[in-house]
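Report on the structure given below.
First the proteins, then the strands, lettered A, B, ... as listed; each starts at 1.
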Amino acid sequence: MLTVRFAPSPTGYLHVGGARTALFNWLLAQKHGGKFILRIEDTDRERSKEEYTRQILEDIKWLGLVPFEGPFFQTQRLERYREVAFDLLNKGLAYRCFCSPEKLEEERKRAYKAGKAFKYPGYCANLSEEEIKKRIENGEKFAIRIRMPKNEDLSFEDKVRGKINFSSSEFDDFVILKSDGMPTYNFAVVIDDHDMKVNLVVRGEDHITNTAKQIAIYKILGWEIPEFAHIPLILGPDKKRLSKRHGARAVGEWRREGILPEAMMNFLALLGWSWDDKQQIFTQEELVEKFSLERVSKNPAVFDVDKLIWINSEHLKKKADEEKAELVIPFLVEAGLVESEESIDRAWLIEVIKIVGDRLKKLTDIVAYADFLFKEDEDIIYTSEDAKKAIKGDGVVEVVEEINKVLKELDKWDRTEIEKVIRDKASEHNLGASKPIRAIRYAISAKFVTPGLFESMELLGKIRTINRINKFLEFVKANK
RNA sequence: GCUCCCGUCGUCUAGGGGUCUAGGACACCGGCCUUUCAAGCCGGCAGCACGGGUUCAAAUCCCGUCGGGAGCGCCA
């Protein structure tokens with residue numbers, strides 16, 4: 001059975017790179033009826049935080065990457081890592097290292113300055129039994145280093161890149177167990193993947209070198225080596241590794257921006273994978289059915305916000321108005337436009353969704369397009385500059401005044417009737433209808449961009465519409 | 001510096017010796033529609049990093065150059 005895993009470290013939020021790795025793994029497991037394991041690599045005591053673990057889990061669930069097994073925590077498996085490390089020690093395949101990290105750090109810096117890579121020279125590789133005993137009794141701390149064999153072939157067949165060559169001679173005797181008793185990443189991963197029967201490791205290409213090191217450990221332990229697939233990195237617009245500088249990078253931030261989980265999934269899938277030369281929009285089911293490592297690209301992909309938003313708008317277009325209405329509610333509450341989720345008139349909200357239509361590219365857009373329908377009349381604030389723009393043209397104010405009068409007498413308050421009034425009055429005055437339309441649009445919304453005016457007025461209701469036109473007319477007079 | 005990976009429109013990509021005058025999508029620019037903005041429809045701009053081979057034929061295979069990226073921790 002195919003067993004894959006996603007193994008984030010809880011030292012930050014789930015960003016798009018991590019999310020994409022998780023997605024690819026999940027997709028593979030779904031497609032082949034395999035197992036998808038979630039493992040939290042929390043051996044960095046200083047940087048790991050429970051809050052991050054919580055957030056990562058939340059974001060993974062939001063993306064729809066369920067079911068998964070776990071989460072398993074490495075800090076709950078410390079005994080196991082120690083057991084394997086000491087076993088290696090007893091067999092002479094690893095050794096205690098008493099070198100102080102400070103000293104090594106200094107040597108590393110010096111080597112780097114001289115333009116050379118620092119490799120641990122093996123100071124402690126051949127310490128005598130007595131000396132080891134003495135130093136332990138002295139209370140000296142030690143780490144455990146693996147004995148890296150010479151000229152061992154560590155090449156592997158990558159499922160997306162093909163053969164990748166490494167020799168063990170490129171590596172030094174790296175630490176597998178830190179002096180605080182914690183395993184290092186490359187060591188813990190091997191033991192976990194082996195114990196959890198992971199047989200395919202899919203991760204970012206920044207791990208290629210780690211893979212070689214891990215293969216070294218597999219070989220030393222005599223364990224079966226899983227298959228590997230290294231997927232391309234996700235870059236920022238400057239072609240540098242995605243970082244905080246590139247704006248919202250945590251998946252949760254996109255959720256708060258009003259991106260749908262299925263759109264996020266779709267977008268992430270297309271970062272480094274494609275189906276053919278046509279299809280861009282995929283449902284979750286289609287992705288599960290069509291995804292394969294064979295079609296994963298080798299090139300790093302630049303994160304393109306515009307495309308994310310476009311994909312989101314396409315998924316939004318497919319949704320029923322009822323569903324969109326529900327989805328938008330939290331954002332209305334967040335913006336302070338409605339008191340609570342319960343206080344909203346659903347039927348009316350659906351009408352709002354209808355008139356906003358395809359303008360909605362992100363859920364947050366509802367605020368920009370429809371806030372004026374939720375606001376109180378007194379919260380519609382004009383500026384003299386915009387007001388001037390709104391009434392530009394000869395006789396516009398007069399026409400609006402007349403329209404307002406007729407509107408007051410209107411019995412049937414619907415978009416068709418309203419439109420008729422406005423168009424008739426405009427042509428009576430030999431004025432293009434767009435003039436009063438623009439003025440009234442501004443009057444009821446204090447904006448120049450809104451959904452269709454007549455529908456907006458209908459939904460706003462007669463009283464509020466007329467109130468606002470009055471208020472606007474007064475404002476114009478006062479600002480002459 | 002060393003090791004490894006990668007180079008097709010601005011971006012994501014299709015293509016893997018002839019069907020490529022290189023296709024699609026996003027973005028951008030026009031036009032139509034129109035009540036603003038979207039949407040929709042029509043049209044446009046724009047790319048095989050470079051240089052050598054191999055071959056009747058190269059975006060595709062080989063070599064080199066250049067460019068980009070990653071790794072080189074008692075971080076993961």
Length of the CD-P vector between A:Glu107 and B:G73, whole Å: 12 Å
Side-chain donor-acceptor contact under 3.5 Å, A:Thr184 with A:Asn186: no
Separation of atom CD1 in A:Ile217 from atom C1' in B:A76, rounded to whole Å: 14 Å
Donor-acceptor pair under 3.5 Å, A:Asp365 side chain vs B:A38 base: no
Aromatic ring pairing A:Tyr123/A:Tyr120, orientation class (parallel under 30°, perpendicular over 60°, tilted between): perpendicular
Integer-rounded Å distance: B:C74 P and A:Arg96 CZ: 18 Å
Sugar-phosphate, base or nothing in reach of A:Pro232, heavy atoms under 4.0 Å: nothing
Base-pairing assignment for B:A70 (Watson-Crick or G-U wobble, both under 3.5 Å): B:U3
Touch class at under 4.0 angstrom, heavy-atom based, for A:Arg441 against every strand present: base
Sugar-phosphate only, base, or nothing, as touched by A:Arg295 at under 4.0 Å among non-hydrogen atoms: sugar-phosphate
Distance below 4.0 Å between A:Lys447 side-chain N/O and B:U35 OP1 or OP2: no
Sugar-phosphate only, base, or nothing, as touched by A:Gln280 at under 4.0 Å among non-hydrogen atoms: base
Touch class at under 4.0 angstrom, heavy-atom based, for A:Phe174 against every strand present: nothing
Touch class at under 4.0 angstrom, heavy-atom based, for A:Gly432 against every strand present: nothing
Separation of B:C6 P from A:Arg161 CZ (nearest whole Å): 6 Å
Sugar-phosphate, base or nothing in reach of A:Asn165, heavy atoms under 4.0 Å: sugar-phosphate
Donor-acceptor pair present, A:Thr450 side chain and B:C37 base, under 3.5 Å: no
Sugar-phosphate only, base, or nothing, as touched by A:Lys141 at under 4.0 Å among non-hydrogen atoms: nothing
Value in whole Å for how far the C1' atom of B:G10 lies from CG of A:Leu235: 15 Å
Summary of salt bridge (Lys or Arg N to Asp or Glu O under 4.0 Å) pairs that have at least one residue in residues 291-310 of chain A, sequence neighbours excluded: none
B:C20 pairs with, by Watson-Crick or G-U criteria that keep both distances under 3.5 Å: none
Test of ring centre spacing under 6.0 Å for A:His315 and A:Phe267: no
d(OH, A:Tyr442; C1', B:U35) in whole Å: 18 Å
Spacing between A:Asp172 atom CG and B:C74 atom P, to the nearest angstrom: 8 Å
Complementary nucleotide of B:C45, counting Watson-Crick and G-U pairs under 3.5 Å: none
Proximity of A:Tyr382 and A:Phe472 rings by center, below 6.0 Å: yes
For A:Arg54, salt bridge (charged side-chain N to carboxylate O under 4.0 Å, His left out) partners two or more places apart: A:Glu51, A:Glu58
Assigned partner base of B:G51, Watson-Crick or wobble definition, under 3.5 Å: B:C63
Sugar-phosphate only, base, or nothing, as touched by A:Asp358 at under 4.0 Å among non-hydrogen atoms: sugar-phosphate
B:C75 OP1/OP2 closer than 4.0 Å to side-chain N/O of A:Arg47: no
Sugar-phosphate, base or nothing in reach of A:Leu270, heavy atoms under 4.0 Å: sugar-phosphate
Sugar-phosphate only, base, or nothing, as touched by A:Pro101 at under 4.0 Å among non-hydrogen atoms: base
Touch class at under 4.0 angstrom, heavy-atom based, for A:Thr184 against every strand present: sugar-phosphate
Integer-rounded Å distance: B:A70 C1' and A:His230 NE2: 11 Å
Sugar-phosphate only, base, or nothing, as touched by A:Ser48 at under 4.0 Å among non-hydrogen atoms: nothing
Sugar-phosphate only, base, or nothing, as touched by A:Glu455 at under 4.0 Å among non-hydrogen atoms: base
